[in-house]
Amino acid sequence: MVPTTTNTEPLRVRFAPSPTGYLHIGGARTVLFNWLLARRAGGTFILRIEDTDQTRHVEDSVQKILEDLRWLGLHWDEGPELGGPCGPYFQSERLDTYNRYLQQLLESGHAYYALETQEQLQALRATGERTTGGFRYRRPDPVPTVEEGLAARAAGRQIVVRFKMPEEDIVVSDIILGEVRLPAEQLEDFVLQKGDGFPTYHFACVVDDALMRVTHVLRGQEHLMNTPKHVALQRALGFPTPVYAHLPVIFNLDGSKMSKRDKEKALARGEAPPEIDVHDFRVAGYLPEALVNFISLLGWSPGEDREKLTLDETVALFSIDRVGKTNARFDREKLLAFNTDWATRVTPPRLLEALRDFLAVNPDVPSAMREAAEETLAEVLRVCTGFRTFPDVIRKAGFLFVPDEAIVYDDKAVKKVLAKNEGEGYAVLRKLLPALADLADWSAAGVEAFLQHTCSDRNVQLGKIAQPLRVAVSGTTISPSIHETLALLGKARTITRIERCLQSV
RNA sequence: GCCCCCAUCGUCUAGUGGCCUAGGAUACCGGCUUUUCAUGCCGGCGACAGGGGUUCGAAUCCCCUUGGGGGUGCCA
């Protein structure tokens with residue numbers, strides 16, 4: 001049995017992204033489960049930045065990841081901006097620490113300098129692929145001495161340090177997958193320190209998890225094969241082995257990986273790019289409540305046919321025991337349904353706050369809408385119920401925020417509602433105009449009463465009047481209910497728009 | 001190639017030997033509500049991958065096959 005940390009010490013988990021861009025939706029699910037476990041157990045959630053690959057580092061991505069986490073409502077207890085007792089929380093600032101442990105491994109004979117060049121390894125790998133179908137690094141016998149390694153480095157060569165993998169099967173104990181045995185012959189001497197002096201992921205991760213006293217490691221299943229390396233390293237370093245839980249992976253509906261490249265591919269086909277990063281969903285007008293609820297159900301279920309849960313309820317219900325082993329597919333239709341529902345269950349002030357955030361991050365909204373008064377936006381939300389995402393609100397009420405002279409009339413709407421039957425719709429507008437101009441009570445209720453009376457007086461369906469008005473003021477057949485629309489627009493602008501519409505005949 | 005993981009409606013899942021003629025959600029289809037677009041409500045369609053065992057009894061346990069995923073980097 002692999003020794004694991006005892007469960008008497010306080011639970012500590014971490015999320016350790018590398019700064020290569022925005023937070024990926026798969027990463028979001030991993031953070032979420034870590035965060036949920038920490039909150040559920042009253043433990044600590046650590047955020048650590050794994051910036052050990054200088055070549056892949058993307059400018060500003062740390063800030064972007066932090067912002068995504070905050071938007072999701074998943075706040076960290078230790079990490080960037082907050083600090084904490086186990087800092088620094090950027091691996092690039094911990095090089096001395098890694099070097100100290102590297103020395104220890106070198107001295108105890110657990111590690112050695114490996115002198116092969118990248119080109120040599122590449123060649124070996126290529127022939128290995130061709131002949132046996134695979135390549136496994138063979139430890140030199142004898143291994144180069146420390147002096148030889150140092151001498152090669154002094155000569156300007158990029159020399160790596162490898163770990164002496166023990167020649168024994170390693171059993172990884174995973175609370176989701178059970179015990180997984182990895183045969184010794186599959187394991188090889190992996191690199192601890194790269195030619196540029198930076199630690200590899202394996203090394204930095206093991207050292208940091210131990211030093212930051214991480215008790216539980218929840219990560220994607222793609223890391224399962226890394227775990228024996230980590231376990232062996234922990235033993236060599238005298239570190240405890242944390243509890244491991246490898247989470248199932250999230251794919252596209254067609255089974256392919258959800259990758260940033262999907263966006264480029266869709267763009268190349270002239271299609272709308274799919275949301276892949278958390279930020280994409282934010283810009284697309286989703287509520288974090290819905291997104292978090294939805295991804296919490298990918299690989300986890302509270303049972304009892306429950307689905308709609310707030311973050312707090314999820315915390316109260318969360319348990320790794322109920323995390324499944326099966327990979328999941330990301331169904332955007334279902335997310336859309338969740339978002340539609342969440343838009344009706346959050347409080348109006350919260351919805352307004354979310355709308356403001358959407359208006360701030362989405363570049364394609366009418367600029368007047370960003371400057372609109374709180375009360376106006378609140379009214380818009382009140383009359384736009386039934387939307388799926390915020391762009392639906394823009395589609396339905398955006399015309400309220402463009403200048404009267406900028407209204408464009410949709411051809412189909414004009415034909416169907418105004419021009420048909422020898423301009424029947426226009427005739428309605430002409431008749432209505434003076435009466436509307438005389439209307440004293442321009443509240444929604446006042447307008448509604450007026451329209452109702454007009455209908456019964458002329459013995460027509462409300463649609464006969466509402467639709468021409470709708471097209472006249474919005475340019476389309478889509479808007480909130482007609483009385484709310486006119487009330488929101490105001491009398492003057494309504495009249496102006498109707499007159500302009502009539503002039504366009 | 002080798003190693004590892006996984007397998008219930010199209011999709012997310014409930015189910016841990018009898019409560020299952022398999023439940024919920026979403027999607028789809030039909031109906032209702034409605035001044036537009038939506039929303040909402042009601043109903044319907046729809047799955048235990050295949051084959052062997054074990055057992056009085058299997059979606060649940062075991063084996064094989066098939067299918068899917070991951071690993072096989074000086075990426076993380």
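Here is the naming used below: chain letters follow the sequence lines, and residue numbers restart at 1 for every chain.
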Assess whether one donor atom and one acceptor atom, taken from the side chain of [X] and the base of [N], lie less than 3.5 Å apart.
X: A:Asp331; N: B:rG10; answer: yes
X: A:Lys396; N: B:rC37; answer: yes
X: A:Asn327; N: B:rA7; answer: no

task = Calculate, to the nearest 0.5 Å, the distance between atoms CD and CG belonging to A:Gln91 and A:Asp208 respectively.
result =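 Between A:Gln91 CD and A:Asp208 CG, I get 4.5 Å after rounding to 0.5 Å.
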
request  = First locate atom OH of A:Tyr112, then atom CZ of A:Arg162, and finally report the distance between them rounded to the nearest 0.5 Å.
outcome  =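 Interatomic distance, A:Tyr112 OH to A:Arg162 CZ, rounded to 0.5 Å: 6.0 Å.
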
[N], OP1 or OP2 - any side-chain N/O from [X] closer than 4.0 Å?
X: A:Lys334; N: B:rA27; result: no
X: A:Thr20; N: B:rA76; result: no
X: A:Arg388; N: B:rU39; result: yes
X: A:Arg470; N: B:rU35; result: no
X: A:Lys229; N: B:rC4; result: no
X: A:Arg136; N: B:rG1; result: no
X: A:Lys308; N: B:rG24; result: no

Taking atom [atom1] in both [N] and [M], compute the distance separating them and give it to the nearest angstrom.
N: B:rG68; M: B:rC12; atom1: P; answer: 15 Å
N: B:rC37; M: B:rC32; atom1: P; answer: 15 Å
N: B:rC9; M: B:rA14; atom1: P; answer: 12 Å

task = Taking the six-membered ring of A:Phe338 (Phe, Tyr or Trp), confirm whether the NZ or CZ of A:Lys308 is under 6.0 Å from its centre and within 45° of its axis.
result =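 Ring-cation test returns yes.
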
inquiry  = Could you tell me if A:His57 and A:Ser18 have a donor-acceptor pair between their side chains, going purely by distance under 3.5 Å?
reply    =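 Looking only at side-chain atoms, A:His57 and A:Ser18 do not form any donor-acceptor pair under 3.5 Å.
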
Look at all strands and tell whether [X] reaches a base, only sugar-phosphate, or nothing, counting heavy atoms closer than 4.0 Å.
X: A:Glu307; result: base
X: A:Ser18; result: sugar-phosphate
X: A:Glu222; result: sugar-phosphate

A:His230-A:His202 aromatic ring centre distance below 6.0 Å =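 Close enough - the centres of the two rings lie under 6.0 Å apart.
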
query = Given that A:Lys257 and A:Glu188 both sit by RNA chain B, which one's nearest nucleotide is further toward the 5' end?
reply =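 Here A:Lys257 is the residue nearer the 5' end.
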
ask   = For the pair made of CG in A:Leu298 and P in B:rC12, what is the distance, rounded to whole Å?
value =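 Those two atoms, CG and P, are 8 Å apart.
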
